[in-house]
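Every chain is numbered from 1, with letters handed out A, B, ... down the list of sequences.
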There are 2 protein chains.
Amino acid sequence: MTRAGLTPAVVVADAAALADEAGFDALTLSAVARRLGVQTASLYAHVRDRAALLDGVTALAMGEVAARIATGIAGRSGRDALRGYADAFRDYAREHPGRWAAMQRRAGPAAVAAPSAVDVVALTDALLRGYALPADQRVHVVRLLGSTINGFVQLERIGSFDHSAPAPAASWDRAVDALDTLLRAWPAPDPEESSA
Amino acid sequence: MTRAGLTPAVVVADAAALADEAGFDALTLSAVARRLGVQTASLYAHVRDRAALLDGVTALAMGEVAARIATGIAGRSGRDALRGYADAFRDYAREHPGRWAAMQRRAGPAAVAAPSAVDVVALTDALLRGYALPADQRVHVVRLLGSTINGFVQLERIGSFDHSAPAPAASWDRAVDALDTLLRAWPAPDPEESSA
DNA sequence: GCAGAAACCTACAGGGTGTAGGTTGGGCGC
DNA sequence: GCGCCCAACCTACACCCTGTAGGTTTCTGC
């Protein structure tokens, strides 16, 4: 009998494919084993346990998203860059729903420490160079940007926009425009609040 | 032996408590049965299956959130109302993480048709009366608002803000301010886009 | 060509879901 | 106040998933 030639990377890649097809929480070791034509127990030689497999998919997804962002903002600035940045997330979530779901959870230390997480931060920083923002406001802007983009993608995915017209794409355009407007005229912190 | 006196509502309420304590995906029928001092099989007389139990928790959570929003915006308008509205979501998520997680998923038809879902829509509409918005922009604003609030709460919950300073609360203040600013000067749709 | 390290296997214990069918308790008719 | 009967709760079981222990087979380095 010829061997399947498994490695941790192969197992994680197959798990990611399964997550996209069947949903992230249908991601079980037995299902991966079936897809690979292998006994379930054999997988434990490559991944410590189910949690490690899920973390692997999370790390894989973060790397892929980082690559998409990089191409999405390359050669652009301002609103165009913002659009490319935001679309990188949304397109990825549409094409890879299971991998996207893998990122919408508290990940284990291994996934958090992955270099791709740092990449995303650096790319976001690069995007914001196109906007004149006070240094002490940057972190707030980064968080707001992430919140809106992730939130929109998440709500679209779970069907929250299915019960109203028009199609989400129109709202997406408006949301990116709104973020661009906001970043160009970021409100200065209220002096009362910062002194209180 | 005295009976436990179960009803669907009791089972769902206990499941919600368990979700908050142990996490939404630790929400199993066996665990609920243990908490109630009952055999697992007995629960199937009250909930059809595990999916129905989860949907029950989702519907319960939506009702509770709607109630919080109502008190959060009562007697306020403009920025104060927005703040109350947004805090209703965030505070609820902090106090009831498991119930919150129950809402961050594609829910079954039963949960979607729940009256509390309609309540949230109506309350959001009431909030937006405090801002002068063209009728055709309302849906986009509602979606953006939901995206940012849900997204922030979600990212805060999964620890995305844990690796940068300052505390998320400061960014939350800025985010609500930014949304208020945005709603007061909602950018008109680009004529090019709407005609294209 | 052979020793050893992987890769892969079988076997099993433990726990979760869901079904079938039995037993018991409490409310209601009379 | 007695019995009926419904529903609440039970035991027993089949099936799937996780994770461990320990055996066998294939590939690789020398």
Can you identify which nucleotide, out of D:dT18, D:dC9, C:dG18, has its nearest atom closest to the B:S42 side chain?
D:dC9
Of the candidate nucleotides C:dC8, D:dT11, D:dC9, which contains the atom at the shortest distance from the side chain of B:L6?
D:dC9
Tell me whether the count of non-hydrogen atoms from other residues, nucleotides or ligands lying under 6.0 Å of CZ in B:R48 goes above 12.
no
Distance check needed: [N] [atom2] versus [X] [atom1], whole Å only.
X	N	atom1	atom2	result
A:Y44	C:dC12	OH	P	18 Å
A:R50	C:dG14	CZ	P	22 Å
A:L54	D:dT18	CG	C1'	12 Å
B:L43	C:dT17	CG	P	9 Å
A:D25	D:dC17	CG	P	14 Å

Salt-bridge criterion met for [X] and [Y] (N-O under 4.0 Å):
X	Y	answer
A:R79	A:D177	yes
B:R83	B:D80	no
B:R34	B:D14	no
A:D25	A:R105	no
B:R129	B:D125	no

Please give me every residue in residues 27-40 of chain B whose heavy atoms get under 4.0 Å of an atom in DNA chain D, ordered by residue number.
B:V38, B:Q39
In residues 14-23 of chain B, which ones come under 4.0 Å of DNA chain D, going by heavy atoms?
none
Does A:T148 form a side chain to side chain donor-acceptor pair (under 3.5 Å) with B:S147? I'd like the steps, not just the answer.
CA-CA 5 Å; A:T148 302; B:S147 296; over 6 Å; no
Verify the contact: side-chain N or O of A:H46 to OP1 or OP2 of C:dC8, cut-off strictly under 4.0 Å; return yes or no.
yes
What do the steps show when you test A:Y85 against A:L145 for side chain to side chain contact (heavy atoms under 4.5 Å, CB included), and what is the final call?
CA-CA 10 Å; A:Y85 178 86; A:L145 208 55; 4.1 Å; yes
What is the ring orientation for B:F89 with B:W100, classed by angle as parallel under 30°, tilted 30 to 60°, or perpendicular over 60°?
perpendicular
